[in-house]
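For reference, the structure discussed in these notes is given below.
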Amino acid sequence: MAGGSAGRVAVIGAGTMGHGIAQVAALAGYDVALVDAVPAALERAFERIRRNLDEGVARGKVEPTAREAALARLAAAPDVAAAVAGADVVIEAVPERLEVKRSVLAEAEAGAPAGALLASNTSSLSITELQSGLARPGRMLGLHFFNPVHINRLVEVVRGARTDESAVADAVAFARRLGKEPIVVADSPGFASTRLGVLLGLEAMRMVEEGVASPEAIDTAMELGYRHPMGPLKLTDLVGLDVRLDIATYLHARLGERFRPPEILRRMVAEGKLGQKTGQGFYRWEQ
């Protein structure tokens with residue numbers, strides 16, 4: 001690749017996950033095009049990336065030269081077609097709605113090179129259903145990153161019913177190039193991580209609802225008692241209560257009553273208490 005680039009990556013969606021994926025790809029040596037339908041979201045994404053890299057430098061985790069090089073590899077694209085042109089890997093990180101993702105993936109596929117790896121960062125939706133309608137479904141799969149992307153090493157590589165083995169191998173190699181630890185899982189509702197993580201989070205919410213303990217106490221129980229790096233309620237705040245509600249609603253329809261969203265979750269979302277991004281969830285957050 002010209003200029004020593006590892007290749008080109010397009011990230012569609014500049015929100016919580018998208019900006020993190022763009023950051024780690026740029027740090028790994030890829031030229032990255034980031035696109036979002038909302039210009040303000042792009043501005044926030046670049047601000048967060050700069051802040052994350054500055055914190056990495058301050059903590060000795062990122063070399064100052066690596067910070068500058070990563071920022072130089074990042075660019076905002078005016079639209080999806082411009083973002084995916086010439087891309088080796090295309091990753092969508094748009095809201096967790098099946099039809100929205102299918103539309104974005106179809107648009108991305110139409111503009112990307114025929115050999116490009118096409119991936120969804122969905123945490124629960126069926127990869128097989130997302131493949132439906134694509135001209136090259138064999139090159140499409142799930143690449144489920146975890147928040148915060150620049151810290152969490154896990155990536156789920158999700159094989160859809162029509163995913164080629166070569167695409168799986170390419171996705172595993174890409175994840176490792178980003179410094180991540182990939183696991184390959186079958187296309188099943190919630191995959192491996194979300195299915196377990198959401199179930200734990202929903203039960204923690206029910207415990208708050210029932211007055212069993214405070215959010216802080218429940219999270220401390222999991223952090224100290226089970227060595228989880230973060231409790232399920234604090235994690236819910238970081239992911240976004242609205243996102244958790246969408247996922248729980250989907251899993252409830254697919255897997256049954258154990259995934260029914262608790263009333264406390266529905267109420268908090270209706271009240272706009274979505275977690276860190278609104279300043280209030282199960283915890284208060286500085287804006």
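In this chain, numbering begins with 1 at the start of the sequence shown. None of these values were measured; they are calculated from a predicted model.
Looking at Ile91 and Ile12, their side chains never come closer than 4.5 Å, going by heavy atoms from C-beta outward. Thr16 is not listed as a side-chain neighbour of Gln276, based on a closest heavy-atom distance of 4.5 Å or more. In this structure, Glu156 and Phe146 have side chains that are in contact, with non-hydrogen atoms separated by less than 4.5 Å. The shortest side-chain heavy-atom distance between Tyr283 and Glu216 falls under the 4.5 Å cut-off. Taking the side chain as every heavy atom from C-beta outward, Asn147 and Asn152 never approach each other to under 4.5 Å. Two residues are said to be in side-chain contact when any heavy atoms from C-beta on lie closer than 4.5 Å; Met205 and Leu233 meet this criterion. Contact of the Trp285 side chain with the Leu238 side chain is registered, since non-hydrogen atoms from C-beta on lie closer than 4.5 Å. Contact annotation: the side chain of Val158 never approaches that of Leu141 to less than 4.5 Å [non-hydrogen atoms, C-beta and beyond].
Of the possible donor and acceptor atoms, one in the side chain of Thr163 sits under 3.5 Å from a partner among the backbone N and O of Met140. With Glu223 contributing its side chain and Gly231 its backbone, the two residues share a donor-acceptor pair below 3.5 Å. Of the possible donor and acceptor atoms, one in the side chain of Thr128 sits under 3.5 Å from a partner among the backbone N and O of Ala161. Put simply, the side chain of Glu96 never gets that close to the backbone of Val243: no donor and acceptor are under 3.5 Å apart. With hydrogens and angles ignored, the 3.5 Å screen pairs no side-chain donor or acceptor of Thr194 with any backbone N or O of Ser124. Judged by distance alone, with hydrogens and angles left aside, the side-chain atoms of Glu109 form a donor-acceptor pair with the main-chain N or O of Arg136 at under 3.5 Å. Looking only at distances, no side-chain donor or acceptor of Asp88 sits under 3.5 Å from a matching main-chain atom of Gly7. No side-chain donor-acceptor contact under 3.5 Å links Lys61 to the backbone of Glu55. A donor-acceptor contact shorter than 3.5 Å is absent between the side chain of Arg67 and the backbone of Leu53. Not one N or O on the side chain of Arg159 forms a donor-acceptor pair closer than 3.5 Å with the backbone of Val168.
Taken from CZ in Arg267 to CD1 in Ile264, the straight-line distance is 5.0 Å, to the nearest 0.5 Å. Here CE of Met17 is found 11.0 Å from OG1 of Thr122. Values are rounded to the nearest 0.5 Å. In this structure, the separation between CG on Leu125 and CG on Leu251 is 9.0 Å, given to the nearest 0.5 Å. Atom-to-atom distance recorded for Leu143:CG and Ile21:CD1 is 8.0 Å, nearest 0.5 angstrom. With rounding to the nearest 0.5 Å, the separation of CE in Met230 from CG in Asp219 is 9.0 Å. Going from atom CZ of Arg254 over to atom CZ of Phe259 covers 13.0 Å, rounded to the nearest 0.5 Å.
What you find for Ala204 and Ile218 is that their closest heavy atoms are O-CD1, 3.7 Å. The shortest heavy-atom contact between Ala10 and Ala83 is CB-O, 3.3 Å. What you find for Thr278 and Leu274 is that their closest heavy atoms are OG1-N, 3.1 Å. Heavy atoms only, all atoms of each residue included: Leu27 and Ala70 are closest at CD2-CB, 3.8 Å. The two residues Pro261 and Thr249 make their nearest non-hydrogen contact at CG-OG1, 3.8 Å. Across all their heavy atoms, His150 and Val24 have their closest contact at CA-CG1, 3.6 Å.
Remark: Lys180 is not positioned above the aromatic ring of Phe145, lacking an NZ or CZ atom under 6.0 angstrom from the ring centre and at most 45 degrees off the axis.
Counting heavy atoms of neighbouring residues, nucleotides and ligands inside a 6.0 Å radius, atom CD of Glu257 exceeds 12 of them. For Arg258, the CZ atom sits in a packed shell: over 12 heavy atoms of surrounding residues, nucleotides or ligands are nearer than 6.0 Å. Annotation: Glu63, atom CD; neighbour count of heavy atoms from other residues, nucleotides and ligands within 6.0 Å does not exceed 12.
Cluster annotation: Val185 is not connected to Leu117 through the hydrophobic network of ILVMFWY side chains, with a link wherever side-chain heavy atoms come within less than 4.5 Å. By the criterion of side-chain heavy atoms lying less than 4.5 angstrom apart, applied directly or through intervening Ile, Leu, Val, Met, Phe, Trp or Tyr residues, Leu118 is not grouped with Leu178; the two fall into different hydrophobic clusters. Taken together through direct or relayed side-chain contacts under 4.5 Å among Ile, Leu, Val, Met, Phe, Trp and Tyr, Val11 and Val157 form part of one hydrophobic cluster. Hydrophobic clustering (ILVMFWY, side-chain heavy atoms < 4.5 Å, transitive): Ile247 and Met268 are in one cluster. Both Tyr30 and Val62 sit in one connected hydrophobic cluster of ILVMFWY residues. Membership requires side-chain heavy atoms under 4.5 Å apart, directly or through other members.
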Check: Hey, mind stepping through Glu47 and Arg44 against salt bridge (charged side-chain N to carboxylate O under 4.0 Å, His left out) and telling me if it holds?
Finding: CA-CA 5 Å; Glu47 288 173 6; Arg44 289 193 298 270; over 6 Å; no
Margin query: Let's go through Arg244 and Val269 carefully: what are the C-alpha distance in whole Å and the side-chain angles of both, what is the deciding distance for side-chain contact (heavy atoms from CB on, under 4.5 Å) to 0.1 Å, and is it a yes or a no?
Written below: CA-CA 10 Å; Arg244 282 293 204 210; Val269 169; over 6 Å; no
Next item on the list: Take Phe282 and Leu241 through the test side-chain contact (heavy atoms from CB on, under 4.5 Å) and record every step on the way to the result.
Entry: CA-CA 9 Å; Phe282 289 98; Leu241 276 72; 3.9 Å; yes
Checklist line | Derivation of the side-chain contact (heavy atoms from CB on, under 4.5 Å) call for Leu134 and Arg162 | finding: CA-CA 11 Å; Leu134 293 177; Arg162 302 172 69 184; over 6 Å; no
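Think of Leu196 as one node in a network of Ile, Leu, Val, Met, Phe, Trp and Tyr side chains linked at under 4.5 Å; it has no links at all.
With respect to the salt-bridge test (charged N to carboxylate O, under 4.0 angstrom), the residues Arg206 and Glu209 do not qualify.
Exactly one residue among Glu92, Gln131, Arg102 makes a side chain to side chain donor-acceptor pair (under 3.5 Å) with Ser120. That residue is Glu92.
The aromatic rings of His228 and Tyr226 sit perpendicular, their planes meeting at an angle over 60°, well past the 30° parallel limit.
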